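Worth saying up front: this structure is predicted, and the values here are computed from it rather than measured. Just so you know, ligand 1 is whichever comes first in the structure, and atom 1 is the first atom listed for that ligand.
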Amino acid sequence: MTKPINAFKMAQGQFDHVAELLDLEPYVAKMLREPQREYKCQIPVRMHDNTIQVFYGYRVQHNDARGPLKGGIRFHPSETLDTIRALSMWMTWKCAVADIPLGGSKGGVAVDPATLTESEKERLCRGWIDKFWNVIGPHQDVPAPDVGTNPQMMGWMMDEYSKIAREYTPGVITGKPVGGGGSLGRTEATGFGVIYTVREALKHLKMDPEKTTVAIQGFGNVAQYAAIGFVEQLKGKVACVSCWDRKDKQAHTISHPQNNVDPRFLQSITDQYGTIDKDKAIQAGYIIEDGDAWISKDVDILIPAALEGQVNDQTVQKISDRVKIIAEGANGPTTPEADEVLKRNNIFLIPDFLCNAGGVTVSYFESVQNNMNYYWTRDEVLSRLNQKMTQAFKSVLQLTEQEKVYTRDAAYMVAIGRVVKAMELRGWLYIP
Ligand code: GLU
C-alpha cells in the first residue's frame with residue numbers, strides 16, 4: 001500500500017535537506033520552513049435551492065522577501081491547510097528560480113467545482129474575495145488560477161475586489177480572461193513552459209526531439225498545452241495522456257496505438273475540468289487503459305501533470321528503462337522515496353518549481369501589463385517566457401554540474417540562495 005502523502009511534510013523534507021547542504025543558520029531555516037502567515041475562513045454560499053452551504057477557504061503566505069506574494073487558488077475536494085502550505089512554499093521557490101520579483105503564497109477552497117452550478121461558483125468566488133480582500137492586493141498578494149479554477153473565475157474575483165476597493169484593480173489577480181484584463185499567452189504559458197525546459201533537457205542529453213515519445217499524466221490546462229507544445233514545437237510524439245473520469249469515478253489512460261496522440265483533437269472532446277469524452281476517443285481509434293498505465297509506457301519522457309504524490313514508492317517501480325527525462329508539470333508529483341529511485345536510475349529530473357514556472361512567469365507579465373495599462377502581443381509574451389524559462393533551466397543545470405547534486409537540490413539551492421539574499425538585503429537577518 002502506498003503511504004498517504006502529506007505535501008507539507010514533503011516540502012519541508014526537501015527544504016531541510018538543502019538547508020543542510022547550504023549550511024543555513026538554524027533560525028533562517030526556521031523562517032523559511034514555515035509560512036509567514038496563514039488564514040482560514042468560512043465562506044457561506046446561497047445555493048440554487050436557497051439553502052446555505054458553508055465552505056472553507058484558505059490563503060497561506062509563505063515568504064514575501066523578494067516582492068509581492070503570488071500564487072494560485074485551488075478548488076479541490078481534498079484541499080487542506082497542509083496542501084496549501086506546501087504549495088505556498090513551492091511558489092516562493094518557483095518565483096525565485098524563475099527570477100521574477102515575487103514571493104510565494106497559495107489559496108484554496110475545499111470543494112469539487114464540478115458539483116456547483118455556474119452561479120453557485122460565481123458566489124463562491126466572490127465570497128472568497130469578501131473574506132480575503134484585506135490580505136491581498138496588487139502590491140501585497142496576487143492570486144491566480146490553479147487546479148479547479150479558470151479565467152472566468154478570476155474575472156469574477158477581480159470584479160469583486162474592484163468593487164470593494166472602489167477602483168478598477170486588474171492587477172489584484174492574474175489568469176483573467178483576455179479582454180477582461182488578461183494577458184495573451186497566459187492560458188498556454190504553463191504547458192509551453194514545461195516544453196521549453198524539456199527542449200533544453202533534450203539538448204543537454206543530446207537527444208533528437210523528433211525521435212522522442214512522451215507519456216503525460218493528466219489532461220487539464222498544463223497537460224493540454226504541454227502535449228500541444230511537444231507535438232507542434234518539438235515535433236515529438238505523444239503516446240498517451242490520462243484523465244480523471246467523473247462519470248466513472250476513476251482515472252483512465254487514453255493511448256494512441258501508433259503513439260500519435262492528436263492533442264488538439266483530444267482537447268476538443270475534453271470538458272472544462274479535464275475529463276476526456278471516452279466514447280468519442282474510442283470512436284477515433286484511441287485505446288482506454290487504466291489510470292496508472294501512463295507511467296509504465298515505453299517512452300523517453302514522462303510528464304506528470306496532475307496532482308501531488310503520483311510518482312511514489314509503488315508507481316516508480318513501473319517506469320520503463322527507456323525513460324530518460326521526467327518533467328514535473330504538476331506541483332509535488334514525486335515523493336521522496338521515488339526521488340531516490342530516480343537518482344539511482346540516473347533519470348534526468350526537471351523539478352516542479354522549475355518545470356512549471358511558466359504559468360507564474362506569464363502571470364507576472366500580466367500584472368506588469370495591468371499595472372502599466374499597456375498590453376503586449378502574444379509573440380512578445382511567449383518570447384519573453386522562452387527567455388526566462390531557458391535562463392532558469394541553465395542556472396539550475398549549471399549548479400547541478402558544478403556541485404554534482406540532484407537537479408531538485410540544485411533548483412532549491414538557486415531559489416533559497418536568492419530568497420536568503422533578499423532577506424539579508426532587507427535587514428531581516430542578523431549580521432554579526
Ligand atoms: N497556480 C500556478 C502555479 O502553481 C500559477 C500561479 C500564478 O500564476 O500565480 O504555478
Tell me, please: is Gly175 in heavy-atom contact with ligand 1, that is, under 4.0 Å?
no
Which residue supplies the protein heavy atom nearest to atom 9 (O) of ligand 1, what is that atom called, and how far is it?
Lys70 NZ, 2.7 Å
Show me which atoms of ligand 1 lie under 4.0 Å from any heavy atom of Lys106.
1 (N), 3 (C), 4 (O)
For Met91, atoms of ligand 1 separated by under 4.0 Å from a heavy atom:
3 (C), 4 (O), 6 (C), 10 (O)
Got an N/O contact under 3.5 Å between Ser363 and ligand 1?
yes
As an exercise, identify every atom of ligand 1 less than 4.0 angstrom from a heavy atom of Lys94.
3 (C), 4 (O), 10 (O)
Just jot down the ligand 1 atoms closer than 4.0 angstrom to any heavy atom of Asn331, in number order.
4 (O)
Taking the six-membered ring for Trp, are Phe365 and Trp376 parallel (under 30°), tilted (30 to 60°) or perpendicular (over 60°)?
tilted
Salt bridge (charged side-chain N to carboxylate O under 4.0 Å, His left out) pairs touching residues 75-97, sequence neighbours excluded, are Glu38-Arg85, Arg74-Glu79, Asp82-Arg85
Test side-chain hydrogen bond (donor to acceptor under 3.5 Å, both in side chains), reference Asp64, set Gln140, Lys70, Arg37, output is Arg37
Is it true that atom CD of Gln402 has more than 12 heavy atoms of other residues, nucleotides or ligands lying nearer than 6.0 Å?
yes
Hey, is NZ on Lys203 packed in by over 12 heavy atoms from elsewhere, all under 6.0 Å?
yes
Parallel, tilted or perpendicular: which one describes the rings of Tyr412 and Phe353, with boundaries at 30° and 60°?
perpendicular
If you measure every N or O of Pro145 against every N or O of ligand 1, does any of those distances drop under 3.5 Å?
yes
Please round to the nearest 0.5 Å and tell me the distance separating atom OH of Tyr196 and atom CZ of Arg199.
7.5 Å
For the pair Tyr225 and Phe192, name the ring-plane relationship: parallel under 30°, tilted 30 to 60°, perpendicular over 60°.
perpendicular
Could you check whether any heavy atom of Arg186 sits closer than 4.0 Å to an atom of ligand 1, since that is the contact criterion I want to use?
yes
Any idea which protein heavy atom is nearest atom 2 (C) of ligand 1, and the distance to it?
Asp146 OD2, 3.6 Å
Please could you name the atoms of ligand 1 that Gly359 approaches to less than 4.0 Å, counting only its heavy atoms?
8 (O)
Please list the nearest protein heavy atom to atom 7 (C) of ligand 1 with its residue and the distance rounded to 0.1 Å.
Ala144 CB, 3.3 Å
Which of the atoms in ligand 1, numbered in the order shown and given with their element, are less than 4.0 Å from a heavy-atom of Gly71?
9 (O)
Cation-pi between Lys343 and Tyr406: NZ/CZ under 6.0 Å from ring centre and within 45° of the ring axis?
yes
